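In what follows, chains are A, B, ... by sequence order, proteins preceding strands, each numbered from 1. Since we're looking at a predicted model, the values are computed, not measured. Excluded from the calculations below are hydrogen atoms, water molecules and symmetry mates; all remaining heavy atoms, backbone and side chain alike, are included.
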Amino acid sequence: MFTTSRRSLVRGAVAAMVMSLGLTFSGSAAQAETVLRAVPHSDLKILDPIWTTAYITRNHGYMVYDTLFALDADGNIQPQMVDTVTTSDDGLTITMTLRDGLTWHDGAPVTAADCVASIQRWGSKDAMGQKMMSFVDSLEATDDKTITFKLNAPTGLVTLALAKPSSNVPFMMPARIAATPSSEQISDYTGSGPFVFRADLWEPGTKIVYEKFAGYVPRSEPASGLAGGKVVKVDRVEWMPIRDQQQAVNALKAGEIDFIEAPPHDLLPLLKEDANIKLEDFNPAGNQFTFRFNVLHPPFDNPKMRQALLYAFNQEDFVQAVVGDAEYYEICLALFGCGMPFESTAAMDGLLESNFEKARELIAESGYNGEPILLMHSTDLAVLTNLAPVAKDLMEAVGLNVDMQSMDWQTLVARRAKKESPAEGGWNAFITSWTTGDLFNPVAAAFLNSSCDTALFGWPCDARIEELRDAFARATTVEAQKQIVDEIQAAWFDYPTHIHLGQWTGRAAMKQNVSGLLQTGAPVFWNISMN
Amino acid sequence: MASYLLRRVLATIPVMLLVALFIFLLLRLTPGDPATIIAGDFANERQIAEIRENLGLDKPIFSQFFVWLGNILQGDFGESFFYKKEVSELIAARLEPTLSLSLLTIVLTVAIAVPLGTLAAYKQGSWIDRGIMGFSVLGFSLPVFVIGYALIYVFSVQLGWLPVQGYQRIADGVGGWLYRLILPATALSVIFVAFIARMTRTSVLEVLGEDYVRTARAKGQTETRVLMRHALRNAAVPIVTVIGLSFAVLIGGVVVTESVFTIPGLGLLTVEAVLARDYPTIQAVILLFSFIYVLINLIIDVSYTLLDPRIRY
Amino acid sequence: MDQKYVLEVSGLTVSLPKNADRPNAVEDISFTVAPGEIVCVVGESGSGKSVTASAVMGLLPDALRPTGGRTLLEGEDTLKAEKSRLRDLRGTRMAMIFQEPMTALNPVTRVGEQIAEMLEIHTSMTAAERRSRAIETMDAVHLPDPEKMVDAFPHQLSGGQRQRIMIAMALVLDPALLIADEPTTALDVTTQAQILKLIKEMQERRGTGVLFITHDFGVVAEIADRIVVMQHGRIVEYGDRDDVLRRPKAPYTQMLMASVPSMTPPERSAKTGETAVEVKALNKVYGKTGWLSKQRIVHAVKDVDLMLRKGETLGIVGESGSGKSTVARCIARLIDPTSGSISLHGTEIATISQAQLRPHRRKVQIVFQDPYRSLNPRRTIGQSLIEAPVNFGMPEAQALQMARDLMELVGLSGDALERYPHQFSGGQRQRICIARALAVEPEVLIADEAVSALDVSVQAQVLKLLDDIRVKYNLAMLFITHDLRVAAQICDRLIVMQKGVIVEHGPTRKVYQEPQHPYTRLLLDAAPGQGMTFGAEIAPAAAQGN
Amino acid sequence: MSTAAISPARQTMRRMAQNTSVLFGGVLVLLVVLMALLAPYLGTRDPAGISPKDRNQPPGYETTVRDRDTGQRVSVEYRLGTDTLGRDVYSRVVYGARISLIVGVSVAAIAIVIGMAIGVLAGYVRWLDGIIMRVMDGLMAIPAILLAIAVVSLFSAGLLSVIIAIVVPEVPRVVRLVRSIVLSIREEPYVEAAITAGTRTPTLLVRHVLPNTIAPLIVQGTFIVASAIIVEAILSFLGIGIPPEIPTWGNIMAEGRSVFQLHPHNILYPGIILAITVLAVNMLGDGLRDTLDPRFAKRV
């Protein structure tokens, strides 16, 4: 189409008009190919999954790119692009061999050099990647198919990090693209994943088109989580961002689209009552609401004040305010997620039960003198809008003076990066939501990072927590790790960095003829068929 | 005439410059930093600063302004911070839906409002007049999104006659194009019908009091012809003026309607760009809208010469 | 059926809406119009003359209802006719021309089409036939080059030409009755003469009956066969032209006729007071050539010299566009002259700044034409009257006392200071404006068409008042008018202007008796009703002078 | 002629009292104003008080809540149901009248004051006219909604920024109106008479010129009030209006729209009262225009 001459374009338009005048309302003629029209949770703007951590870009990454390793449905690390992996006896050399038949979308074979460049770009950007790279002395492509890691200490982190399921995912790109500095966006979208991104058909904000990659060779194992064979069963996937979710729901009911990634919970009853539509959960681990402190400024510079909120809050109010139906949420006191490997309720006794008396006591002890607490309230993301008012309500119930300021999410994002005092444009607290998969262990959980200036906004600064996180990274057995998790939770109580406000799941909605949605944490479109 | 045209066109230059400066300053003073947004949740300050430098946001505001202005004068609107596409390309892709929606709305509006307003003026004080004026005040009193949702609820959700959202390019079939646009255009035109009908009524009423209408009656002309030939023809100038001025209001309506009906037009682009602080895109779109507004009013000014032979420049 | 008259109005009564100041707009009106006859309905404003005409045409506004009587058009009662029948009659059997040729023609339609529209409505002619018939008729009303003018728009024609188009339109279908509602009031006097001649010619040639409505006895004297005099909605006198004009019976008619100023200026002695204003080489140019603009330049006033003494009335006469008002407004510095000198008692005021001008403002006061717009409707008479003296430093109480005295001087009650302008009639308002002008004891009083908008009886009184105060205060008065009868009676000296230039000046009597410039002669000849002697001299006091 | 001095203002009042639009619109507006003023006494609860467990309940929903201070359980009825945070829609609608009216009235007042000052300058100071009108043209050329979006994000979302955002695009319209009136009034003979009476320009403006702008501005003001209320609703709809915890009809609806098919009451009731109010204000404006200001009736 893009090479068509102008004359034939005109002719085509005329033909189309003539056709439509014959009352043909459906735009496309009979096509044999199957197209899945899906409404993603937001518009895809940035196409570089290493450059941004936005989930929508991660999801795009899973379409276009492949990974060396992946987690299966049980959370085990499985090779994906990798055929075999061997670790030397001293645990200091790891060798990976790529499997046969891997090609880029442009037809060139995938080489170890490509992967090395990709790992390096990702490793300079991603937090877990940086952690992993700190163990790496050298990383080389020893031949076309072999990647060799030389480590300075034994660690389980290499394959774990390379199997990292969520942002930033270590996606493999051709070396020429991976050579792009991590501060710049890539402009070539060639991957080796199961789908090809059709940049020529991209209508920003309207339509994102992916075509089945004919040259993709899936693994022979059945798909499981993000691992296993990525068998594409539709010819084309079209993402059609619809800002107004109510409209997306209407469109699905009217058959104008096939799939909605994340319809709001309040609208699920509308979808449930429709026999042509089914609801499925691709992320059973769900998500967690998180209340984040800024420890730089009073009153939350005082851990007692932060503890007070641990007592004042209860999860029920928050999840109810957003999710409503108990089918989709769970009260979860575990800091690293319920139903996850490191679930533990150590040090959580008596917390998050709205014990106002205890909270008032702690506030009094902290010497709080009524200064306003600047709570940032984002109003344009449906899933977050209702949280801050609940927090405000509970904080006021224990006698805190809350200055809740409403803003759009982007203003909040800009403001939360500011270290100034609230009066000078800074902040005291805000609430956000994480995919549970992003915080299922102390290293991954970014809000737990208490490395002061290099920590995320909020800048918690606690040597004890950092020590334990390092120990966790170095631990080689699950038992040891679990032990450390319990200690970390105790340390977290002494020095709260954030508060988890409840775990919830969403439901993707789709037409009955759509089947094969995998439980992966991120929505992926291989294995899905339409009949 | 030619010199008038030239003068009018030249007069738009300071206006457009003013608009450009105003938009630019407004955006730069707005909180929200695209670099932070682009960097994502886990970026550190160094990474953000790198991105900021990359986008040229670290330079002084006025040097940014002149660079931008210079580029625009060369027809370069810059590159979207997010989509990594030329803004002109983004706009070109979004132009058709917005133009379609606006034009269809105006056509609908004129086709409905002018006859209604004329009828109301002619039947001044009767129940027809009151009915039409009542409707117009009501139409005036409803936000466009309420009208949009009500129409969707009735015609799409309950009756299932029309699609709830989306847009089809005119090249893919006029039928489908119309089929998808009819509901949004109707929703949007309610307000304008109300507005234009009121204006038409007022203008026609005024003209009906003119001596030449009495002359026409004294000639024995029928009332219909008095209305069509004498009244409406003379009321055309104020009506057309109002249609031109209401274009500014129309743009506002387009923004809302596009986001209600998910029409991938410039309005939706603007809202998204504002929420993401995509400066190059916002600047270009607002500038474009302002330019279209100025252009339309220029055309209308010039069209007066056709509507009213007394006006000569 | 009696076909002796084209129009027979009998017992016509039209009621007014409830809250009007009288129950009926017209009451028990009866008169007839015979074929080939011109019947003039004459009366002052509010006498109901236009209502009568509209009732015949069936064009009354909705608020007015005929409640009695008949209006028989060739025996057919138009009051009872169906709407469609009325439409058939309009244009074919009866036609009407209006006062304002400016607004009575549709501005966006070519004049030829507007004439042709009449044919389109009532005949089955083809477009080409209609066009040639329109050209024919335009030729018949003596429009120049009708072949070309047929495609002109109204605004491209002069007032007189437009009125000719109206007449052509009205007569194109040869109606039996032509109703002319003040058809020449808005026209200049020379144009008026031509139009009156044309109407008479048409009527004589075609035998049309004409119902001619006017307030101007000069016009009546010029063309009427019979005369209907109306007052407050009733006929006070009805008879043949000569009977009514030479032997008026009704006191009202007598009073009206007595109020019409005579065309013969009285003998006046030359005034010798000191010079109040001297204007030299005054020019006013409107519009300028700017960058890229091609604006037309209007030379409104060109090299005007004039001199005005204390105690003297200097008249400036001329038709519209002659620049007479511009001269007055320059002297009052309401507009800034382009060049020239205006010397006010030796002080040059043409070019000084507004701030420097302010102390001199009081010396020149002006009375405007429209009494309804000359007073701020939101302020009481008292507030308006004391504004100027208080501005110039008079204590308010003293100013109020003076205002009371002035009100009485102009013949109004001193108690009326609390009232608002809308509670006064036009004539009373004009008196108030005069009182306001006097409040700062000016040296020069400019009357800019100050009596033109007034009914003739009121006009006579206001003229008398102006002349009285001129004598009383030894004022220099600049009197701007287009009305030669008024000018004849009040001015000591006269300036005749045409297209911004003074074409003649001299003592009034001399100008009237021995006009030098052809334009002056044209003006004097055009004044209607020359053969009749009306009224007398307005201001006998003027003759004595000082 | 009666001897009593009947001022034009009193005449106008009399005409207004006879105009059905003025009466009907006026009474409705008065009722809304009363509702706003008396909001605490109309059986309302804290409009910002949330109750997550009672969210999205239909009108007439009854439940018991535990009073935080006394600890006692009290029964409450949600006459118009609850919103997505379990807030009382009835209380929010009643209190919402306050904000909607404040927005409407203050936008009109500010726009008129600023517009009048600039308009008089433009109409009376010739050399400024061109400059001012070009600036106003520029402001008019920027689509109002887009301008408002930009202004609201410039300051933090709040009442003040919303008011400023709506005022900015209204100002040029007022300026044009005032300027055109000034230009036509300064040609009136009575103004010229005042000039020859030596009245200084500031007095001239205040005494003779500005009073003529009052009636058209009152009329224009009502239309600004009506449109400001709607624009506020639209801004809320786009998610950039007044923060949701402050109830305005606009943001009640904006919140309700995501669930309007399931819980239409969130859009229905504020929508109805918004429409009625704007309708009433518009009717009042229409009526005032007919009675106050027939001469300027044609202006938009």
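For C:Val440, no part lies near chain D; criterion is any non-hydrogen pair under 4.5 Å. If you measure heavy-atom distances from C:Arg333 to chain D, you find no contacts under 4.5 Å at all.
Atom NE2 of C:His232 is surrounded by 12 or fewer heavy atoms from other residues, nucleotides or ligands within 6.0 Å. Residue C:Phe392 places its CZ atom among more than 12 non-hydrogen atoms of other residues, nucleotides or ligands, all under 6.0 Å distant. For D:Arg200, the CZ atom sits in a loose shell: 12 or fewer heavy atoms of surrounding residues, nucleotides or ligands are nearer than 6.0 Å. Counting heavy atoms of neighbouring residues, nucleotides and ligands inside a 6.0 Å radius, atom CD of C:Glu396 does not exceed 12 of them. Within a 6.0 Å radius of CD in C:Glu278, more than 12 heavy atoms belonging to other residues, nucleotides or ligands are found.
Proximity to chain C at a heavy-atom threshold of 4.5 Å picks out D:Arg207, D:His208 from residues 202-209 of chain D, in numerical order. Using a 4.5 Å heavy-atom cut-off against chain D, no residue of residues 398-415 of chain C qualifies as contacting.
D:Asn212 and C:Arg378 form a side-chain donor-acceptor contact under 3.5 Å, judged by distance and modelled atom types alone.
The two residues D:Tyr190 and C:Pro377 come nearest to each other via the heavy atoms CE2-CD, 3.8 Å. The shortest heavy-atom contact between D:Gly198 and C:Arg358 is O-NE, 2.8 Å.
Chosen from C:Arg361, C:Arg362, C:Arg436, the residue pairing most often with chain D at heavy-atom distances under 4.5 Å is C:Arg361.
Not a single donor-acceptor pair under 3.5 Å links the side chain of D:Glu192 to the backbone N or O of C:Leu334.
Atom-to-atom distance recorded for D:Thr199:OG1 and C:Asn391:CG is 4.0 Å, nearest 0.5 angstrom.
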